[in-house]
Peer 1: 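Would you mind keeping the following structure in view while I ask a few things?
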Amino acid sequence: MLRRIPQFSHHLIYLQTNRPFTTLQLTFNSFPPNSSDSNTPRCNVHLHHALQEMCVQGLNMKFKHYDAVLNECVNHKSLRGGQRVQAHMMKTHYLPPVYLRTRLIVLYVKCEVLSDARMVFDEMPVRNVVSWTAMISGYTKSGLYSEALSLFVEMLRSGTCPNEFTFATVLTSCMGAFGFEYGRQIHSLIVKSPFELHMYVGSSLLDLYAKSGRIHEARIIFEGLPERDVVSCTAIISGYAQLGHDREALDLFCTLQREGMASNYVTYACVVTALSGLAAFEYGRQVHGHVLRSELSFCTVLQNSLIDMYSKCGNLNYARSIFDKMQERTVISWNAMLAGYSKHGMGKAVVDLYNMMREENKISPDSTTLLAVLSGCSHGGMENKGLKYFDEMAGKYATKLGIEHYGCVIDLLGRAGQLERALQFIEEIPFKPNAAIWGSLLGACRVHQNIGVGKIAGNRLLELEPENAGNYVILCNLYASNGKWDEVRKVRELMKEQAVMKEPGKSWIEFGRTLHTFYASDRSHPRKEEVLSKVRQLSDRIKEVGYKPELSSVLYDVDEEQKEKMLLGHSEKLALAFAMMNVSEAKPIRIMKNLRICVDCHNFARFVSQVYVREILIRDKSRFHHIVNGVCSCGDYW
DNA sequence: GTAGGGTTAG
């Protein structure tokens with residue numbers, strides 16, 4: 001009879017081990033055999049009933065029976081099942097061995113009830129490496145990293161030797177809790193262990209090194225692995241991508257693929273992230289093609305990263321068509337699409353999509369969603385709408401608001417020219433204002449030429465971030481454009497004293513299946529002479545219609561002629577000139593820049609787009625500038 | 001029985 005009912009089939013093993021207990025057979029047989037579906041919830045219900053029956057009957061169960069029932073519970077993630085088994089053990093005064101207690105821990109960890117798992121763990125008279133590891137893994141999976149690490153320390157003190165499972169688990173907790181130093185200590189423990197570097201331990205270890213910025217050491221561990229698999233390969237690629245070494249990530253992916261590396265959706269997600277950083281549209285389309293031809297095309301995680309990639313390549317239509325076709329959307333899908341519109345300054349599209357999300361009412365917004373909406377209103381020039389949303393959020397989602405959201409409000413007020421109000425708002429926010437807050441206020445002061453507030457913001461900013469050259473530049477711009485030359489000199493001297501390190505500015509464009517990168521005053525590109533003379537030619541032409549070099553953008557104390565020369569060497573101008581020489585007139589020019597675009601280059605690009613009738617897209621560190629007919633989508637505010 | 005890599009935002 002049992003064989004006829006599919007949903008009971010996996011209980012057969014259990015029943016076979018319980019042949020003497022006819023009551024149990026009765027328990028199973030008494031369930032209505034009318035249902036032909038074998039879905040898990042139903043099985044769970046039956047399992048519960050069976051366990052309940054066992055308790056009622058007070059059956060004298062032994063190890064193998066408990067083991068079989070617990071197996072079922074683990075398979076079905078049945079929390080109540082586990083609790084009933086435990087209750088049954090207590091009732092019948094059965095003292096479970098280490099193995100069964102460990103199974104209970106595993107079950108509770110799987111059901112994400114750590115308190116129950118810990119209770120079983122604490123009551124164990126004897127523990128083995130598996131029980132320790134299962135408990136540590138529970139904490140790690142729930143993000144309780146310091147608990148995981150202190151349990152690991154306790155384990156060492158108790159004299160239990162960690163195995164490769166323990167190390168692989170505990171290493172993933174290091175970055176989350178005490179950072180790298182703990183990781184290094186565990187690394188030396190691993191080196192002293194009797195086993196060879198296990199692949200799982202190795203990939204966990206290289207991931208730790210990569211995540212703490214030590215990519216070179218991570219690479220050495222990767223090269224030294226006894227063998228490679230998808231996870232270890234993905235970990236090293238992801239290491240490069242997450243540090244922004246997108247080029248290296250892409251190159252390594254190509255090399256490993258040639259060497260026969262297997263890829264799965266995580267691998268592709270990492271590569272797509274690297275491509276987003278590079279804004280390599282053509283490469284991106286190729287990888288997308290691979291994905292479409294594989295069985296991964298409906299993978300939500302991958303679709304999310306593709307949406308982000310196309311947005312960051314400036315192709316919102318592609319991004320939206322993926323978004324629209326998704327069978328299942330997560331909050332990340334919405335966030336990626338919203339952020340895409342936001343970066344392009346498409347405030348209305350952000351608001352429409354946010355409303356659509358709320359109307360669908362399937363997924364509730366998280367703090368990233370709220371940030372995308374606020375920054376979308378800010379980038380899109382919808383100050384009042386943004387402030388209105390913020391008031392609404394402060395009521396409804398107060399717990400989800402962090403300092404970044406308040407930063408957006410400063411942006412919104414700044415954009416609206418309400419600088420005093422912004423300054424007052426900073427006093428009122430429930431966080432300690434950081435560099436981003438003061439930086440955004442200073443930026444607004446530059447645009448609205450407010451020296452009073454600008455001076456306050458600038459000084460606070462220089463206290464917080466004395467090493468960031470960009471801050472000095474903006475403050476100097478503000479003073480210079482108001483003729484405050486004494487102040488300009490003071491800021492310059494301050495900068496010299498602080499020995500400011502500046503991230504070298506670079507711009508790049510994708511052309512002919514290659515990424516062409518230009519650095520300020522570049523001497524490295526094979527066609528540098530040609531490119532420089534093209535910049536001069538463009539400059540001469542647009543000067544005829546009113547372009548004036550913004551000399552205050554140059555911080556060095558040199559004469560005006562020299563300043564103009566330095567401005568002409570800015571990387572985005574080189575990239576633009578290169579594009580004007582190569583990209584067909586029918587196509588928009590797409591330029592990427594690693595820092596924020598400077599005022600002079602922005603003017604330059606606007607004039608070029610007008611005089612030569614070209615559509616120019618520049619993606620800088622914070623947003624897109626879509627320039628058509630001399631008008632930029634940022635409204636000259638960024 | 002216990003284990004490693006991942007997507008949005010700044």
Peer 1: Taking any heavy-atom pair under 4.0 Å as a contact, classify A:Lys312: base, sugar-phosphate, or nothing.
Peer 2: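 A:Lys312: backbone/sugar contact only, no base atoms under 4.0 Å.
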
Peer 1: What is the distance from CG of A:Asn335 to P of B:dG10, rounded to the nearest Å?
Peer 2: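 Answer to the nearest Å: 11 Å.
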
Peer 1: Determine yes or no for a side-chain-to-main-chain donor-acceptor pair under 3.5 angstrom, with A:Arg228 supplying the side chain and A:Cys233 the backbone.
Peer 2: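 Judged by distance alone, no pair lies under 3.5 Å.
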
Peer 1: Is the A:Tyr99 ring parallel, tilted or perpendicular to the A:Phe63 ring (thresholds 30°, 60°)?
Peer 2: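 Tilted: the ring planes of A:Tyr99 and A:Phe63 meet at 30° to 60°.
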
Peer 1: Tell me: CG of A:Asn304 to P of B:dA9, nearest whole Å?
Peer 2: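 To the nearest whole Å, that distance equals 11 Å.
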
Peer 1: So if I define the base as every atom that isn't primed, P, OP1 or OP2, how would nucleotides 1-6 of chain B read as a B/S/- string at a heavy-atom cutoff under 4.0 Å?
Peer 2: BBBBBB

Peer 1: Can you check the A:Met309 CE to B:dA9 P distance for me, whole Å?
Peer 2: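 Nearest whole value for this atom pair: 14 Å.
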
Peer 1: Calculate the interatomic distance between A:Leu370 atom CG and B:dG10 atom C1'; express it in whole Å.
Peer 2: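 Interatomic distance, CG of A:Leu370 to C1' of B:dG10: 14 Å.
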
Peer 1: Just by distance, do the side chain of A:Arg329 and the backbone of A:Trp334 share a donor-acceptor pair under 3.5 Å?
Peer 2: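 No, because the side chain of A:Arg329 does not come within donor-acceptor range (under 3.5 Å) of the backbone of A:Trp334.
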
Peer 1: Are A:Arg358 and A:Glu392 close enough for a salt bridge, meaning some N to O gap below 4.0 Å?
Peer 2: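 Here A:Arg358 pairs with A:Glu392 in a salt bridge, since their nearest N and O are under 4.0 Å apart.
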
Peer 1: Would you kindly give the OH-to-C1' distance between A:Tyr310 and B:dT7, to the nearest whole Å?
Peer 2: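 Result: 16 Å.
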
Peer 1: Would you say A:Phe390 and A:Leu412 make side-chain contact, with heavy atoms under 4.5 Å?
Peer 2: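 Side chain of A:Phe390 against side chain of A:Leu412, heavy atoms only: no contact under 4.5 Å found.
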
Peer 1: Salt bridge or not for A:Arg415 and A:Asp411, using N-O below 4.0 Å?
Peer 2: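 Salt bridge absent between A:Arg415 and A:Asp411.
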
Peer 1: Taking only residues at least two apart or on different chains, which pairs with a member in residues 200-240 of chain A satisfy ring pair (Phe, Tyr, Trp, His ring centres under 6.0 Å)?
Peer 2: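 Those involving residues 200-240 of chain A are A:Phe180-A:Tyr209, A:His187-A:Tyr209, A:His198-A:Tyr200.
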
Peer 1: Heavy atoms only, 4.0 Å cut-off, all strands: where does A:Ala372 land among base, sugar-phosphate and nothing?
Peer 2: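 If one applies the 4.0 Å heavy-atom cut-off, A:Ala372 turns out to touch nothing in the nucleic acid.
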
Peer 1: What is the separation between atom CG on A:Leu296 and atom P on B:dT7, rounded to the nearest whole Å?
Peer 2: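 In whole Å, B:dT7 P lies 16 Å from A:Leu296 CG.
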
Peer 1: Mind calculating the distance between CG (A:Leu353) and P (B:dT8) to the nearest angstrom?
Peer 2: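 Interatomic distance, CG of A:Leu353 to P of B:dT8: 17 Å.
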
Peer 1: Starting at atom CE of A:Met337, determine the distance to atom C1' of B:dT7, rounded to an integer number of angstrom.
Peer 2: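 The answer, rounded to whole Å, is 15 Å.
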
Peer 1: Does OP1 or OP2 of B:dT8 have a side-chain N or O of A:Lys343 closer than 4.0 Å?
Peer 2: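 For B:dT8, OP1/OP2 do not have a side-chain N/O of A:Lys343 under 4.0 Å.
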
